[in-house]
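To start, the structure under review is shown below, and the notes come after it.
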Protein chains: 2
Amino acid sequence: MVKLKDDKKVTQIFQATVKLVARKGLSGITMGDISKEAGIATGTLYVYFKSKDELINALFAACRENSVQVSFKGYQPNRPFKLGFRQIWLNILRYKLQNFEETVFLEQCYHSPFITAATREKALQLAAPFYELMKRGQQEQLVKSVDSGLLLTFVMGTMNELIRQTHYSGIPLSRSRINTAFDLCWDALKA
Amino acid sequence: MVKLKDDKKVTQIFQATVKLVARKGLSGITMGDISKEAGIATGTLYVYFKSKDELINALFAACRENSVQVSFKGYQPNRPFKLGFRQIWLNILRYKLQNFEETVFLEQCYHSPFITAATREKALQLAAPFYELMKRGQQEQLVKSVDSGLLLTFVMGTMNELIRQTHYSGIPLSRSRINTAFDLCWDALKA
DNA sequence: TGCTAAAGTGAATATTTATTCGCTTATATT
DNA sequence: AATATAAGCGAATAAATATTCACTTTAGCA
């Protein structure tokens with residue numbers, strides 16, 4: 001073999017795409033835009049991805065995996081539930097804040113014609129650990145014993161909206177604001 | 001004057017657009033698709049809207065106004081706060097459920113290049129009554145005295161996510177599930 | 001009822017955008 | 001160092017899409 005594909009380039013392409021989608025929406029970006037933003041030639045995109053569809057699907061999958069992996073960083077099941085939950089909640093919040101563009105990208109994708117059913121299905125499976133977490137809270141009788149899907153809906157819904165609001169309002173997310181938001185969330189869940 | 005523009009046609013165009021966007025995303029629709037779905041000729045679209053941009057902006061504004069108007073239907077300020085809040089919460093929920101496509105459309109728009117700053121600004125102003133509502137709850141000491149923007153973030157975030165989840169999971173939103181969801185929400189807000 | 005101005009049409013055109021391709025450059029292997 | 005092979009390039013091409021336009025139909029008004 002001779003010259004190998006460059007993993008860094010994939011990262012460049014992904015970053016450029018995510019950035020542009022957050023700014024202009026999925027409908028507003030072209031392969032030309034992406035290549036320009038990534039600092040490579042348009043043709044090079046096709047060395048790494050067969051088509052725009054494939055690029056978007058691959059990026060979607062990568063973003064999903066990223067965000068799940070980050071969530072459980074530092075989670076220790078032996079510590080009290082509320083502490084662990086808080087840790088994960090903060091992990092997600094921090095990640096989404098620092099990667100706002102990724103969050104927007106994922107949202108945009110959900111209703112786009114780019115994402116295939118298979119990609120969507122895979123994304124769903126990734127949520128399993130969060131269901132487990134809710135179940136633990138319920139077993140310890142700290143969390144309301146209602147459908148865990150509903151609980152997660154609440155946790156993620158507030159998180160996403162908080163990120164969005166923070167970004168658009170320009171109100172910085174101070175430590176005390178974060179604590180307040182967490183308290184709202186916890187009060188909703190707690191048994 | 002002779003032949004007048006038909007208000008019904010605007011409705012047709014809007015309905016078609018909303019339907020298609022919910023199915024294929026903003027990026028997946030063309031003027032051709034819209035005209036076909038609306039049952040009119042492509043050229044006719046340009047009788048009603050100067051461009052695709054203008055169409056999307058007009059539709060966005062219309063959707064926003066719709067959803068706000070519906071929210072306060074039947075709200076009586078003299079009745080107890082929680083009842084009123086519940087009424088509004090249910091109004092929004094019902095409306096969003098029945099008009100899921102509109103919800104998706106609005107979401108997609110927020111990060112699209114179609115929506116102009118002016119359109120966005122107008123949307124923000126429409127939220128004023130909701131801020132008033134939160135303030136009332138706080139004055140009566142029924143609601144936590146934290147930034148009302150944060151409270152609304154919570155209320156709307158959970159609502160949107162609930163709608164989304166309901167639609168995709170296929171789990172029907174039974175009366176008891178609705179009550180549970182409301183309780184989660186109220187527990188978060190209550191002082 | 002006939003006239004007229006605007007709505008309505010959809011094929012033609014202009015524009016935008018994805019994708020390809022002939023070429024150049026870089027780098028693993030010998 | 002020579003070579004072979006794939007990455008990288010960006011102008012050229014193909015495909016998709018917005019917009020226009022010459023024409024037909026419709027409906028208000030005399």
Could you give the [atom1]-to-[atom2] distance, from [X] to [N], as a whole number of Å?
| X | N | atom1 | atom2 | value |
| --- | --- | --- | --- | --- |
| Tyr48(B) | dT9(C) | OH | C1' | 13 Å |
| Lys36(B) | dA18(D) | NZ | P | 14 Å |
| Ile56(B) | dT17(D) | CD1 | C1' | 14 Å |
| Ile13(B) | dA7(C) | CD1 | P | 12 Å |
| Phe49(A) | dG8(D) | CZ | C1' | 15 Å |
| Glu37(B) | dT17(D) | CD | P | 16 Å |
| Gln12(B) | dA7(C) | CD | C1' | 13 Å |
| Glu54(B) | dT19(D) | CD | C1' | 14 Å |

So with a 6.0 Å cut-off around CD of Gln76(A), is the heavy-atom count from everything else above 12?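 For Gln76(A), atom CD is crowded (more than 12 foreign heavy atoms under 6.0 Å).
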From CG (Leu124(B)) to CZ (Arg64(B)), nearest 0.5 Å: 8.0 Å
Which ILVMFWY residues can you reach from Tyr95(B) by hopping between side chains whose heavy atoms are under 4.5 Å apart?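 Direct or chained contacts put Tyr95(B) with Val70(B).
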Would you say that Val104(A) contacts Val18(A) through its side chain, given a criterion of any heavy-atom pair below 4.5 Å between the two side chains?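 Val104(A) does not reach Val18(A) side chain to side chain.
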Ranking dT9(C), dA7(D), dA7(C) by distance to the side chain of Val47(A), first place goes to dA7(D)
Should Thr44(A) be listed as having a side-chain N or O under 4.0 Å from OP1 or OP2 of dC9(D)? yes
Strictly below 4.0 Å: does Lys9(A) bring a side-chain N or O up to OP1 or OP2 of dG8(D)?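 For Lys9(A), the contact criterion (side-chain N or O under 4.0 Å from OP1 or OP2 of dG8(D)) is met.
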Side-chain donor-acceptor distances from residues 181-191 of chain A under 3.5 Å, at least two apart:
from: Asp187(A); atom 1: OD1; to: Lys190(A); atom 2: NZ; distance (Å): 3.1
from: Asp187(A); atom 1: OD2; to: Lys144(B); atom 2: NZ; distance (Å): 2.7

Over 60° means perpendicular and under 30° means parallel, so classify the ring planes of Phe85(B) and Phe81(B), tilted if in between.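 Parallel: the ring planes of Phe81(B) and Phe85(B) meet at under 30°.
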How would you label the contact of Leu45(A) with the nucleic acid (heavy atoms, under 4.0 Å): base, sugar-phosphate, or nothing? nothing
Do the side chains of Glu107(B) and Arg164(B) get close enough for a salt bridge, i.e. N-O under 4.0 angstrom?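 Yes, this pair counts.
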I need a per-nucleotide contact map over nucleotides 15-20 of chain C, read 5' to 3'. Cutoff is protein heavy atoms under 4.0 Å; write B for the base, S for backbone only, - otherwise. --SSBB
